[in-house]
**Q** 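The structure is given below, and queries will be raised subsequently.
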Amino acid sequence: NIRKTNADGSIGMSGSLTANATIDAYTPYAIMAPLTVKSGVKLTIESGARVKFYEWSSITVERGGEVAVKGTIDSPISLVPSGDGVEWNGFTVNWGGRLQLEYVNIEGAGSQAKGAVKSDGYASLWGCCISGSDGIALDGGSVYATNTVIKSMGTAVANSAKLFNGVIEDCDVVNASGNIYNTIIKDCRAVTSGNFSYCLFDNTDYANFNHYGNTSIAGDAKFIDGT
């Protein structure tokens, strides 16, 4: 059941996407349940679009599939829960799949230890903001995020995901075996295993981590059992 018109006038999507599709900024769209982008198929979400995600919905990109979510600095894309308290499961990119996110606000995704962006294929983020979930923001060694803000998440970066030139704020765990470069880390509860290069810690407790380059400490940050 790929598309149907909902009572609120939005176009609902779910199931398997077997032909190219575009979500534009002029029509309200909603992901009603898990949506899978099949091999050879591309889903495009255009700048200015606002897409609602219903409970436990998600987008999975299979091998050979592609999802391009490309906003602009003046016309970003918003991916949001369908209502208060709704949890949705973010993006999963299988090996050989491809996901591109540019100037995208992702809210409430990745709950219950799932990744807002989880990839065994290729996933890139530029100028994005991920916020408002107890799950993982960036999960997997083929996730590359640049100029991206991660705020109020359970875990910011995990399982060899990479964040460059970012900001991490108000997260429970900053790093779980990920790689963070040239990033401001502020008002977080714990920093565990992982690699940091040229990072600034502000009002953050951190422990048991590897750091390279100029790793700085600011505010009320503490150094606990680290090197």
Side-chain angles (χ1 to χ4, degrees), residues 61 67-71 73 76-77 79 89-93 97-111 113-219 221 226-227:
V61 189
V67 174
V69 189
K70 294 187 176 183
I73 194 168
I77 292 167
L79 309 179
N89 289 336
F91 293 90
T92 298
V93 185
R98 187 177 181 86
L99 170 67
Q100 295 174 285
L101 299 161
E102 296 179 9
Y103 297 106
V104 181
N105 297 317
I106 303 173
E107 299 177 18
S111 296
K114 296 181 181 294
V117 179
K118 178 178 175 61
S119 179
D120 293 317
Y122 175 80
S124 67
L125 299 88
W126 179 278
C128 296
C129 180
I130 303 174
S131 64
S133 164
D134 60 6
I136 302 168
L138 307 175
D139 188 0
S142 60
V143 178
Y144 302 84
T146 304
N147 295 341
T148 289
V149 175
I150 300 171
K151 186 174 181 179
S152 301
M153 295 291 293
T155 299
V157 179
N159 298 320
S160 299
K162 301 164 185 67
L163 174 63
F164 304 86
N165 305 331
V167 175
I168 298 173
E169 184 175 356
D170 188 34
C171 292
D172 292 329
V173 177
V174 171
N175 197 351
S177 300
N179 300 278
I180 300 176
Y181 307 87
N182 196 34
T183 289
I184 296 171
I185 299 165
K186 181 179 180 182
D187 297 332
C188 296
R189 264 68 71 189
V191 176
T192 56
S193 61
N195 296 316
F196 299 82
S197 295
Y198 300 96
C199 292
L200 174 67
F201 295 87
D202 187 356
N203 195 33
T204 294
D205 293 345
Y206 62 100
N208 301 323
F209 73 99
N210 300 315
H211 66 85
Y212 304 95
N214 281 330
T215 299
S216 302
I217 305 170
T227 57

**Q** Dump the intermediate steps for side-chain contact (heavy atoms from CB on, under 4.5 Å) on F91 and L101, then the final yes or no.
**A** CA-CA 11 Å; F91 293 90; L101 299 161; 4.3 Å; yes
**Q** Do L138 and I130 have side-chain heavy atoms sitting under 4.5 Å apart?
**A**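 L138 vs I130: side chains touch.
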**Q** Where the side chain of S119 meets the backbone of V143, is there a donor-acceptor pair that is under 3.5 Å apart?
**A**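 Not at all, since once roles are kept as given, no pair shorter than 3.5 Å links the two residues.
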**Q** Are any of the side-chain heavy atoms of T148 and L163 separated by less than 4.5 Å?
**A**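 SC-SC contact between T148 and L163 confirmed.
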**Q** Could you walk me through whether V93 and V117 pass the side-chain contact (heavy atoms from CB on, under 4.5 Å) check?
**A** CA-CA 8 Å; V93 185; V117 179; 5.6 Å; no
**Q** Drop me the distance from I150's CD1 to T183's OG1, to the nearest 0.5 angstrom.
**A**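 I150 atom CD1 to T183 atom OG1 measures 8.0 Å (nearest 0.5 Å).
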**Q** Closest heavy-atom contact between A116 and A109?
**A**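 Answer, listing the atom of A116 first, then A109: CB-O, 3.8 Å.
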**Q** Please find the pair of heavy atoms, one from A156 and one from C171, that lie closest to each other, and give the distance.
**A**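 Of all heavy-atom pairs spanning A156 and C171, the closest is CB-SG, 4.2 Å.
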**Q** Just how far is it from atom CG of N182 to atom CG of N165, taken to the nearest 0.5 Å?
**A**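 If we round to the nearest 0.5 Å, N182:CG and N165:CG are 4.5 Å apart.
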**Q** May I ask you to say whether D170 pairs ionically with K186, meaning some side-chain N is under 4.0 Å from a carboxylate O?
**A**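 No, no charged N to carboxylate O under 4.0 Å.
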**Q** Say whether, by atom type as modelled, one donor and one acceptor occur between the side chain of K162 and the main chain of G141 under 3.5 angstrom.
**A**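 Such a contact is found between K162 side chain and G141 backbone.
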**Q** Dump the intermediate steps for side-chain contact (heavy atoms from CB on, under 4.5 Å) on Y103 and I77, then the final yes or no.
**A** CA-CA 7 Å; Y103 297 106; I77 292 167; over 6 Å; no
**Q** Working to the nearest 0.5 Å, report the span between OG of S177 and CG of D139.
**A**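 It comes to 10.5 Å.
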**Q** Which residue pairs satisfy the ring pair (Phe, Tyr, Trp, His ring centres under 6.0 Å) criterion with at least one member in residues 153-174, sequence neighbours excluded?
**A**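 For residues 153-174: F164-Y181.
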**Q** Would a 4.5 Å heavy-atom cut-off, applied to side chains only, mark T204 and I168 as touching?
**A**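 No, side chains not in contact.
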**Q** Rounded to the nearest 0.5 Å, what's the gap from CZ on R98 to OH on Y122? Could you check?
**A**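 One finds 5.5 Å between CZ of R98 and OH of Y122.
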**Q** Where do D187 and R189 come nearest, in terms of heavy atoms and distance?
**A**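 Nearest pair, atom of D187 first, then R189: O-NH1, 3.3 Å.
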**Q** From C188 SG over to D172 CG, what is the distance, rounded to the nearest 0.5 angstrom?
**A**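 Here the interatomic distance stands at 8.5 Å.
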**Q** Over all heavy atoms of both residues, which pair between S160 and N179 is shortest? Give the atoms and the distance, please.
**A**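 Answer, listing the atom of S160 first, then N179: O-ND2, 3.6 Å.
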**Q** Can you confirm whether I185 sits close enough to N175 that some side-chain heavy atom of one is under 4.5 Å from a side-chain heavy atom of the other?
**A**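 No, too far: nothing below the 4.5 Å cut-off.
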**Q** If you round to the nearest 0.5 Å, how far is CG of N105 from SG of C128?
**A**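 Rounded to the nearest 0.5 Å, the SG-CG separation comes to 8.0 Å.
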